[in-house]
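For the numbers below, each heavy atom of this structure counts, side chains included, while hydrogens, waters and symmetry mates do not.
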Amino acid sequence: MLPSLSVSLAENRRKAPWLSVIIPTYNGEHWIADALNSIASGGDSDGIECIIIDSSKSSATLDIVSSFSDRLQLYAMQRLDLPTWQQKTNLGLDLASADYVCTLHQDDKWLPGRSSDVRRWISEAPHVALHLSPAIIIGSKGEKLGVWRCPFPIGMVSNETFIPNIIVQNFVAMPAPVFRRDLALAAGGVDEDLGYTGDWDLWIKLGLLGEVWYHEFPVSAFRVHAASLTVSSARSPDYFEAQQRTVLQRHMEHVPLASRVKVLRAAEASIAVNVALASAANGMPQLIPRALCRLLSLGPLGIWRFLSTSRLTERVMPRIRAKLSGAL
């Protein structure tokens with residue numbers, strides 16, 4: 001624990017934060033200043049507490065964090081016993097004092113105006129379990145590579161629409177959601193055995209417990225770079241596939257029976273395509289034919305629905321641009 005920050009916490013929590021931002025870090029000194037500055041300089045950061053849980057062996061990340069103590073309400077600690085982002089996020093959920101929380105990984109950032117927009121979302125619909133929005137995809141230097149959207153109209157998303165769609169593919173960028181702390185805790189937090197798909201699993205659990213709202217404009221940025229979790233996880237195809245299949249098997253029962261077969265086929269195709277593309281990006285293209293067969297088996301209408309639901313183009317094209325530029 002950093003003594004100066006623990007004092008700051010005691011003083012700041014008298015202000016009753018309206019939002020808790022959980023920031024799990026590990027060797028984050030290259031990115032963390034950009035992440036924290038995006039909160040501090042975005043406007044309307046009063047009443048936002050940032051909970052930083054760091055598992056780095058050095059103090060480099062927390063030294064940078066401490067430099068923001070006069071601009072942000074900080075609660076920072078070093079926890080070498082919590083090496084994964086899932087463990088640190090769950091501790092952050094336990095420590096958070098606001099009713100609504102969000103996560104911000106060290107390499108992602110907020111866009112200007114996010115805090116004001118999020119405050120408005122919560123004020124207008126305090127009962128909502130999960131607020132979603134598009135996200136900008138950026139490269140290692142902050143360059144814009146694309147926009148990542150969810151396949152929903154603006155406004156409330158019914159359970160009957162949300163679950164069958166998100167089962168097919170996780171189309172939610174990690175820094176975008178804002179969600180109720182009580183429901184996240186009731187859902188058991190992030191599954192610590194899901195190293196790659198823990199966030200996907202959490203969004204589904206929250207969608208099963210309450211309303212989901214989709215907002216129009218992107219107010220966060222998801223960064224793709226060579227050292228990101230997505231890239232590193234994709235280097236092991238078996239692990240990558242098993243992580244996705246676990247979520248599918250766990251939640252398929254929540255899909256309406258009438259559409260279960262159709263959704264299952266699309267989800268299986270999605271897993272095959274994800275694994276094949278990730279493997280090809282790492283020099284192993286031999287899984288591409290199997291993925292194409294899976295995709296073609298959906299038929300023309302099924303392929304169109306799959307592309308619309310999975311947001312495949314929006315997820316893949318920014319990575320291709322990053323690859324071509326040498327960032328991946």
Which donor-acceptor pairs under 3.5 Å do side chains of residues 249-258 form with protein atoms, sequence neighbours excluded?
residue: Arg250; atom: NH1; partner: Asp191; partner atom: OD2; Å: 2.8
residue: Arg250; atom: NH1; partner: Asp201; partner atom: OD1; Å: 3.3
residue: Arg250; atom: NH1; partner: Asp201; partner atom: OD2; Å: 3.2
residue: Arg250; atom: NH2; partner: Asp191; partner atom: OD2; Å: 2.9
residue: His251; atom: NE2; partner: Asp201; partner atom: OD1; Å: 2.6

Let me check something: any side-chain donor-acceptor pairs from residues 180-189 under 3.5 Å, sequence neighbours excluded? List them with distances.
residue: Arg180; atom: NE; partner: Asp182; partner atom: OD1; Å: 3.1
residue: Arg180; atom: NH1; partner: His127; partner atom: O; Å: 2.7
residue: Arg180; atom: NH2; partner: Asp182; partner atom: OD2; Å: 2.9
residue: Arg181; atom: NE; partner: Leu93; partner atom: O; Å: 2.6
residue: Arg181; atom: NE; partner: Ala96; partner atom: O; Å: 3.1
residue: Arg181; atom: NH2; partner: Leu93; partner atom: O; Å: 3.2
residue: Arg181; atom: NH2; partner: Asp94; partner atom: O; Å: 3.1

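Connectivity analysis of hydrophobic side chains (ILVMFWY, heavy atoms under 4.5 Å, direct or indirect) links Tyr26 to nothing; its cluster partners are none.
Inspection of the Thr197 and Gln244 side chains reveals no N or O donor paired with an N or O acceptor under 3.5 Å.
Between Tyr214 and Phe152, the ring planes lie perpendicular to each other; the angle is over 60°, past the 30° to 60° tilted range.
Sparse packing is recorded around CG of Asp99, with 12 or fewer heavy atoms of other residues, nucleotides or ligands lying under 6.0 Å away.
Hydrophobic clustering of Ile, Leu, Val, Met, Phe, Trp and Tyr side chains at less than 4.5 Å, counting indirect connections, unites Leu307 with Leu296. With hydrophobic clusters built from ILVMFWY side chains whose heavy atoms lie under 4.5 angstrom apart, Tyr239 shares a cluster with Val273.
In this structure, the side chain of Thr309 engages the main chain of Arg305 through a donor-acceptor pair within 3.5 Å. Side chain of Asp54 to main chain of Arg79: no donor-acceptor pair is present (N/O by atom type, distance under 3.5 Å, no hydrogens or angles).
Between Phe222 and Trp148, the distance from one ring center to the other falls under 6.0 angstrom. When ring centroids are compared, His131 and Trp121 come within the 6.0 Å threshold.
Here Lys109 pairs with Asp34 under the salt bridge (Lys or Arg N to Asp or Glu O under 4.0 Å) rule; sequence neighbours left out. Every residue two or more places apart in sequence or in another chain that forms a salt bridge (Lys or Arg N to Asp or Glu O under 4.0 Å) with Asp117 is listed here: Arg120. Every residue two or more places apart in sequence or in another chain was checked for a salt bridge (Lys or Arg N to Asp or Glu O under 4.0 Å) with Arg294, and none qualifies.
Contact detail for Gly92 and Ile53: the closest heavy-atom pair is N-CD1, 3.6 Å.
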